Asker: 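What follows is a single structure, and I will ask about it in a moment.
Model, not experiment: these values are computed from the prediction. Heads up: numbering here begins at 1 and tracks the sequence.
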Amino acid sequence: MKKAKTVDEYIIMFPEEVREKLIHLRALIKKAAPDAVESISYGMPYYNLQGRLLYFAAFKNHIGFYPLTSAITEFEDEISKFKYAKGSVQFPLDKKLPAGLISRIVKYRVKENLERAKSKVKKK
């Protein structure tokens, strides 16, 4: 598989059923974090808003969603239905994406990054 330079290029590399989920996930992220800058980092879609916000990636059987450790900890009860680790959660390709949960996680990460940026300004 060639390396994508944009999120559009990344999404188009996958079969239609996976693409649809990636497009949906991307739309959820953009709606919850409209000011985030989208790019490719470590070969996967990446969002930055006053620092690292989150990543996602498609795999053979799941979509990996990487909102960092703080979000996994904050939403652990809801995430526990899925396979998850310290900074990631796996959404199976054969199930519907948990749109509400994803939106809440993204909004949590936006708030967290904005608060961190604000506190850095106050310290100066």
Asker: With side chains defined as the heavy atoms from C-beta onward, is the minimum distance between Asn48 and Leu53 less than 4.5 Å?
Answerer: no
Asker: Could you tell me the separation between the CD1 atom of Ile102 and the CD1 atom of Ile63, rounded to the nearest 0.5 Å?
Answerer: 8.0 Å
Asker: Could you check, using the six-membered ring where one of them is a Trp, whether Phe56 and Phe65 have ring centers closer than 6.0 angstrom?
Answerer: no
Asker: Arg104: what forms a salt bridge (charged side-chain N to carboxylate O under 4.0 Å, His left out) with it, not counting sequence neighbours?
Answerer: Glu78
Asker: List the atom pairs, donor and acceptor, that lie under 3.5 Å between side-chain atoms in residues 13-25 and the rest of the protein, sequence neighbours left out.
Answerer:
| unit_1 | atom_1 | unit_2 | atom_2 | d |
| --- | --- | --- | --- | --- |
| Arg19 | NH1 | Phe14 | O | 2.8 |
| Lys21 | NZ | Lys95 | O | 2.6 |

Asker: Which pair of non-hydrogen atoms, one from Tyr10 and one from Ala57, has the smallest distance, and what is that distance?
Answerer: OH-CA, 3.2 Å
Asker: Which pairs with one or both residues in residues 61-75 pass side chain to side chain donor-acceptor pair (under 3.5 Å), sequence neighbours excluded?
Answerer: Ser70-Glu112
Asker: Would you call Leu54 and Tyr46 a side-chain contact if the rule is heavy atoms closer than 4.5 Å?
Answerer: no
Asker: For the CD1 atom of Ile72 and the OG atom of Ser80, what is their distance to the nearest 0.5 Å?
Answerer: 11.0 Å
Asker: What pairs with Thr6 under side-chain contact (heavy atoms from CB on, under 4.5 Å), at least two apart in sequence or on another chain?
Answerer: Asp8, Glu9
Asker: Compare all side-chain heavy atoms of Phe82 with those of Pro92 and state whether any distance is below 4.5 angstrom.
Answerer: yes
Asker: Distance from Leu114 atom CG to Ser119 atom OG, nearest 0.5 Å?
Answerer: 11.0 Å
Asker: Just distance, no hydrogens or angles: give the donor-acceptor pairs under 3.5 Å from side chains in residues 29-45, sequence neighbours left out.
Answerer:
| unit_1 | atom_1 | unit_2 | atom_2 | d |
| --- | --- | --- | --- | --- |
| Glu38 | OE1 | Arg26 | NH2 | 2.7 |
| Glu38 | OE2 | Arg26 | NE | 2.9 |
| Glu38 | OE2 | Tyr47 | OH | 2.6 |

Asker: I'd like to check the side-chain contact (heavy atoms from CB on, under 4.5 Å) partners of Leu68; sequence neighbours left out, ordered by chain and number.
Answerer: Arg52, Arg109
Asker: Return the minimal non-hydrogen interatomic distance between Leu28 and Ser103, and the atom names on each side.
Answerer: CD2-OG, 3.7 Å
